[in-house]
Protein chains: 2
Amino acid sequence: MAHTSSTHWVRELTLERTAISGSSTAARVAGVLRNYVTEGRLLPGTRLSEEDLGEALGVSRNTLREAFRLLTHERLLVHRFHRGVFVRTLAVEDVRDLYGFRRVVECSSLRRAAQAPAGALDRVRAAVEEGEAAARRSAWPEVGTANMHFHQAIVGLAGSVRLDDAASHVLAEQRLVFHVMAAPRAFHEAYLAENRHICDLLFDGRAEEAAAALERYLDEAERQLVEALTADG
Amino acid sequence: MAHTSSTHWVRELTLERTAISGSSTAARVAGVLRNYVTEGRLLPGTRLSEEDLGEALGVSRNTLREAFRLLTHERLLVHRFHRGVFVRTLAVEDVRDLYGFRRVVECSSLRRAAQAPAGALDRVRAAVEEGEAAARRSAWPEVGTANMHFHQAIVGLAGSVRLDDAASHVLAEQRLVFHVMAAPRAFHEAYLAENRHICDLLFDGRAEEAAAALERYLDEAERQLVEALTADG
DNA sequence: ATTGAAGAATTGTTGAACAACTTTTAGGGT
DNA sequence: ACCCTAAAAGTTGTTCAACAATTCTTCAAT
């Protein structure tokens, strides 16, 4: 029966009903689900029942399906015809693919920093400082968030909203796989100094060196994640 | 009245009904509409009425809205709350944005050609030859298609399906603006030799020179399109 | 011309219904 | 026990009809 298969997170969603009332119901539903997925409360592989979720969130199946469609296109959910939607499970090849994307986009954006639009460079530094401040407060989830902002700001140097958009989807998807790291604190903490280093090179006008540093950075992060995935996978 | 406002393309769509019957109705509807948009039969700014289109294609409003959602996310349509969906109209800043994306992604992919996956290089050459063959037959629309394949193949050198995906959306969106060119034949024809040149450099292992050539190529194409847009805009 | 309000038309969302498909369950045969 | 098949149950795919919310149109008054 549908109702007995409800696990804890389905009931939790009922609390989010208050946050759903304004314009574009489907978009807000997608927002709520996106938070649940990226924060790791909805684990990869979980099936999202239309009936259960619709009841929990207080929206109709049609509206819920529109929200699913949005998140499927962001690659946070996968849709199997006549089988339902599931929280995406990233395989090793997906991790390689993600870093392939990031190597191309982020390193190339760094190299073009000289033509960056006004304010873009400052956003990079702001993200670095945001991370350092969060680390001083030992707020490790926020360190992770600041790290995302850092990489998003790097892409922003290219000055293309379409590129920003694609990168934000990739970075959101990336969070699906961070949860496999046993020690997220150590994982994120190690990159604080690296971010600062790249930022300093950038403000020194040494874009090529910054790009090279970022490339090593991405190689190392990919290696660690692949190792963690193959260990338990 | 809804029915009297139907223009020619709405009735044409009725012929496409035969192509709509299999799995995932919404996806096939989206495919039909995508063709209409990228081929220029549906001009930018056109409003897509849910009632008219649903009747013309023989699908319900809900299914049609799912198709709209798909194409909106591909940026071929824009969705204005409570106002409907429209074929996207590209402004000058959109063209700059598109080329900003392409400069980062395509040039960077070219530079990494040495690490390209097996077969990726051959696909670049195949696209060049496809264009040359189409030109010999004076099949100009197909020259345009082959040109898209060429750029898609360049992105494929990076070996990331996510990058391929983002690029295919950008290239599809690009077709929205090609229709403003008064002489599409001359526009596409000029780039045949350029494509061949870049391809030869690539197979010579001179990736850096190829990337530089492509960058000039993109600069010039952007300049021409911006000029065409500001002329009549 | 401009403004404002009534009316028409369109989109946003819901709920129910049925078809299509998948998964589960239950039996039979070996 | 094991494997295969068929019925049953459950879920998704799609349509339809209705109403609420919002925008667009019309038109009179100033």
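We use all heavy atoms of the structure for the numbers below, so side chains are in, but hydrogens, waters and symmetry mates are not. Throughout, protein chains are lettered first and strands after them, A, B, ... in sequence-line order, and every chain is numbered starting at 1.
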Nearest of dC16(D), dT22(D), dT12(D) to any side-chain atom of Ser60(B)?
dC16(D)
On DNA chain D, check which nucleotide each of Arg83(B) and Val85(A) is closest to and give me the residue with the more 5' one.
Val85(A)
Starting from the 5' end of DNA chain C, give me the residue, His82(A) or Leu64(A), whose nearest nucleotide shows up first.
Leu64(A)
Would you kindly give the CZ-to-C1' distance between Arg61(A) and dC16(D), to the nearest whole Å?
14 Å
Salt bridge check, Glu51(B) against Arg61(B): does any charged N sit closer than 4.0 Å to a carboxylate O?
no
Listed nucleotide nearest any side-chain atom of Glu51(A), set dG13(D), dT11(D), dT15(D):
dT11(D)
Expressed in angstrom and rounded to an integer, what is the separation of Arg69(A) atom CZ from dG13(D) atom P?
7 Å
If you measure from the Lys or Arg side-chain nitrogens to the Asp or Glu carboxylate oxygens, is any gap between Arg162(A) and Asp165(A) under 4.0 Å?
no
From CD of Glu50(A) over to P of dA16(C), roughly how many Å is that when rounded to an integer?
15 Å
Whether the side chain of Thr46(A) engages the backbone of Leu42(A) through a donor-acceptor N/O pair (distance < 3.5 Å, no angle test) should be reported.
no
Closest listed nucleotide, where the reference is the side chain of Arg65(B) and the choices are dT12(D), dG12(C), dT11(C)
dG12(C)
From the set dG12(C), dT15(D), dT11(D), return the single nucleotide nearest to any side-chain atom of Thr25(B).
dT15(D)
Would you call Glu222(A) and Arg102(A) a salt bridge, taking side-chain N to carboxylate O under 4.0 Å as the test?
no
Between P on dG15(C) and CG on Asn62(A), what's the gap in Å once rounded to a whole number?
10 Å
